[in-house]
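In what follows, a structure is listed as structure tokens, so that the remarks can point back to it.
Counting begins at 1 with the first residue of the sequence. Keep in mind that what you see is a predicted model, and the values were worked out from it rather than measured.
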Amino acid sequence: MEAVLQTRGLLSLPPHPTRVRSLLNPSQGLKHRLFASKPLGLNGLSLSYKRVPSVVAKPNGLSPKEKSFICKAEAAAAADGQPLFGETPTPKFLGIELVTLKKIIPLGLMFFCILFNYTILRDTKDVLVVTAKGSSAEIIPFLKTWVNLPMAVGFMLLYTKLANVLSKKALFYTVILPFIAFFGAFGFLLYPLSNHIHPEALADKLLAVLGPRFLGPLAIMRIWSFCLFYVMAELWGSVVISVLFWGFANQITTVEEAKRFYPLFGLGANIALIFSGRTVKYFSNLRQNLGPGVDGWAISLKGMMSIVVLMGLAICFLYWWVNKFVPLPTRSKKKKEKPKMGTMESLKFLVSSKYIRDLATLVVAYGISINLVEVTWKSKLKAQFPSPNEYSSFMGDFSTATGIATFTMMLLSQFIFDKYGWGVAAGITPTVLLLSGVGFFSLILFGGPLGPTLAKFGMTPLLAAVYVGALQNIFSKSAKYSLFDPCKEMAYIPLDEDTKVKGKAAIDVVCNPLGKSGGALIQQFMILTFGSLANSTPYLGGILLVIVLAWLSAAKSLDTQFTELRREEELEKEMERAAVKIPVMSESGNGSLASGS
């Protein structure tokens, strides 16, 4: 509006107040709001501008009464979020502003591509390390504790350094392109050469000397390239999904847009989950049709890694397009700008923030809880499906079922956010995980007596445990994708930019694997103490209960802080939106309210 009415727009109105009033012709309700003698509360910000005539320079023929009236009308309309006098309404399509659609559609496509890749990578990494010769599911706790966590910490430190010296665009490309290059190189170089670069003979000698207790640690050395793929696939979930995508989404969306569209991002993403599950199953079955002597798994890997590279390049293109053609939203200018901090200063600052600590508790608690159940389930899964072909095919079906369940939950999530708010939505995931985890552990503990009953349905206790564990993972992951992740990302939006960038790096890159490694350490301790995973099952169930209760407590605390931050931000934005229209009355357009309002 300032662009249209810089110096002459309102100054050309009739010089008499009565004509101005007849021209604007306000309704009785508007008159009551504009000329009421008492303030009307937060939404009545217009009534606080009685000293406007003393601020606006060069009235150019308008009396103080006329200026006060027009300023009040401008501010009242701004406070209500309605188009101001002479302002063109924002174009919409299907009730959504076109500017919003230009953000939401590319973000949805980015999330589709990222999660499509993640599903392929997640299923492939498990097949590689669990079914490899000389390895088993026992390698996973050691991988997550002694390889994945140190690499995640190293990445966070490097990312914090890069965030201080690179622009947001350069930082995005610098992080994602090495992932794309590695996955392409693994499918076409590292895996075909694995028989030559893996020290299997040395691992066999060490295993004979040290004994079977060291099967897991020695397997990391034996199949080191597979373990590197495993860690890079894990980091894709932590870095590309949590840090790059959600950090970018938080940068270009408002809280109102986030509440409306963040849960819906997962709809497209879980369509990707369904299709990527079918893709994994297709390549798994492809190996059955090849002749003897042909390494079908190598051919499957080349096909799947080619798709991962193409999807990665599509993500980069979408990021470039949004940055070039979509305007960034205006944030509150009253937020305190924080100085650049070094690595240790950043960590101290993040640890000192209760808000960030509660967010970290949510992420760590999820990682520990899901890991306590998932590793036990994967050990049962390998016992039921020992060959890579069968294992990979089952994981393809598992991913498809997860996508369907999450798609359904996404449809319900917007209703949950609108009806019950952030706090209830944040508490659903731990509740679902606890209830389904109890069912899974109960079946393992009491599977023997249930054997005759299960036989009537054509199932063994092992197969039943595999299916119940799969259901537990499906329900937990669908609740995470549809409710937990949107809740976590919404919590970042009211924070200032420095806390947002470094907080996300610390929480999503370090706390994510820290939770998984914490669960792995608990399992390692239980196995060494009680002799086996089965003997420690009752204690793992008790630990799961304690972790989930801490999770629920942190979610409640964070809900209170989030609500307070949102109130402050809304107040600041309303005051700024009302104030920014008043300088229109100045001939020079330089009528700042800072000195007089």
Could you walk me through whether Leu121 and Met305 pass side-chain contact (heavy atoms from CB on, under 4.5 Å), step by step? CA-CA 9 Å; Leu121 296 173; Met305 293 305 105; 4.1 Å; yes

Main chain of Ile114, side chain of Trp236: is a donor-acceptor contact present, judged purely on distance under 3.5 Å? yes

By side chain to side chain contact (heavy atoms under 4.5 Å, CB included), Leu313 pairs with (sequence neighbours left out) Val309

Donor-acceptor pairs under 3.5 angstrom involving side-chain atoms of residues 166-193: please list them, not counting sequence neighbours.
residue	atom	partner	partner atom	Å
Ser167	OG	Ala170	N	3.2
Thr174	OG1	Ala170	O	2.6

So which atom in Ala233 and which in Tyr118 form the shortest heavy-atom distance, rounded to 0.1 Å? O-CE1, 3.9 Å

Atom CE of Met151 and atom CG of Leu158: how far apart are they, to the nearest 0.5 Å? 11.0 Å

Straight-line distance of Met304 CE to Thr279 OG1, nearest 0.5 Å: 9.5 Å

Shortest non-hydrogen pair, Thr429 vs Ala479, comes out as OG1-O, 3.2 Å

Side-chain donor-acceptor pairs of residues 394-403 under 3.5 Å, sequence neighbours excluded:
residue	atom	partner	partner atom	Å
Asp397	OD1	Arg278	NH2	2.5
Asp397	OD2	Lys281	NZ	3.2
Ser399	OG	Arg122	NH2	3.3
Ser399	OG	Asp123	OD1	3.3
Ser399	OG	Asp123	OD2	2.7
Ser399	OG	Met395	O	3.1
Thr400	OG1	Ile274	O	3.4
Thr400	OG1	Arg278	NE	3.1
Thr400	OG1	Arg278	NH2	3.4
Thr400	OG1	Gly396	O	3.1
Thr402	OG1	Phe398	O	2.8

So CZ of Phe317 and CG of Leu109: to nearest 0.5 Å the spacing works out to 10.5 Å

Tell me whether the count of non-hydrogen atoms from other residues, nucleotides or ligands lying under 6.0 Å of CH2 in Trp146 goes above 12. no

Determine, stepwise, if the pair Leu483 / Ile416 fulfils side-chain contact (heavy atoms from CB on, under 4.5 Å). CA-CA 9 Å; Leu483 294 171; Ile416 294 172; 4.3 Å; yes

Closest approach of Phe417 to Pro486 (non-hydrogen atoms, all atoms of both residues): CZ-CB, 4.1 Å

Got a donor-acceptor contact below 3.5 angstrom from the Asn250 side chain to the Trp246 backbone? yes

Please report the shortest heavy-atom distance between Ala555 and Leu362, naming the atom on each side. N-CD1, 3.6 Å

Between Thr406 and Lys477, is a side-chain contact (heavy atoms from CB on, under 4.5 Å) present by the stated rule, with each step listed? CA-CA 8 Å; Thr406 309; Lys477 290 181 185 299; 5.5 Å; no

Close side-chain approach of Ile547 and Ile368, heavy atoms under 4.5 Å: yes

Output yes when a side-chain donor or acceptor of Asn473 lies under 3.5 Å from a complementary backbone atom of Gly469, and no otherwise. yes

Counting only N and O atoms by type, is there a donor-acceptor contact under 3.5 Å from the side chain of Lys103 to the main-chain atoms of Ile252? yes

I need the minimum non-hydrogen distance between Tyr319 and Met110, along with the two atoms involved. N-SD, 4.1 Å

Working to the nearest 0.5 Å, report the span between CG of Leu318 and CZ of Phe245. 10.5 Å

Would you say that Ile139 contacts Cys227 through its side chain, given a criterion of any heavy-atom pair below 4.5 Å between the two side chains? yes

From CZ (Phe440) to CG (Leu372), nearest 0.5 Å: 11.0 Å

Write out all pairs satisfying side-chain hydrogen bond (donor to acceptor under 3.5 Å, both in side chains) with one or both partners inside residues 219-231, taking only residues at least two apart or from two chains. His198-Ser225, Asp204-Arg222

What's the spacing between Ser242 OG and Glu489 CD if we round to 0.5 Å? 6.5 Å

Would you check if Phe283 and Ile120 make a side-chain contact, meaning some heavy-atom pair closer than 4.5 Å? no

Are side-chain heavy atoms of Gln472 and Trp377 found at a separation under 4.5 Å? no

Could you check whether any side-chain heavy atom of Val280 comes within less than 4.5 Å of a side-chain heavy atom of Ser392, counting everything from C-beta outward? yes

May I ask you to decide if Val308's main-chain N or O and Asn117's side chain share a donor-acceptor pair within less than 3.5 Å? yes

Evaluate the side-chain proximity of Trp551 to Phe484: yes if any heavy-atom separation is below 4.5 Å, no if none is. yes

Pairs flagged by side-chain hydrogen bond (donor to acceptor under 3.5 Å, both in side chains) wherever residues 415-428 is involved - sequence neighbours left out: none

Results of side-chain hydrogen bond (donor to acceptor under 3.5 Å, both in side chains) for Asp485 - residues two or more places apart only: Lys480

Considering all heavy atoms, the nearest Thr361-Ala554 contact: CG2-CB, 3.6 Å

Tell me if the aromatic rings of Phe116 and Phe275 count as close, with their centers under 6.0 Å from one another. no

Indicate whether the side chain of Glu234 and that of Ser238 have a donor and an acceptor atom separated by less than 3.5 Å. no

Using a cut-off of 6.0 Å, state whether more than 12 heavy atoms not belonging to Phe475 lie near its atom CZ. no

Report yes or no: does Ser436 contribute a side-chain atom to a donor-acceptor pair with the main-chain N or O of Leu433 at less than 3.5 Å? yes

Report the C-alpha distance between Phe111 and Ile241 in whole Å, list the side-chain angles of each, state the deciding distance to 0.1 Å, and finish with yes or no for side-chain contact (heavy atoms from CB on, under 4.5 Å). CA-CA 8 Å; Phe111 204 32; Ile241 296 177; 4.0 Å; yes

Could you check if a side-chain atom of Leu128 sits within less than 4.5 angstrom of a side-chain atom of Ile223, using non-hydrogen atoms only? no

Contact between Thr131 and Phe385 at the side-chain level, heavy atoms closer than 4.5 Å - yes or no? no

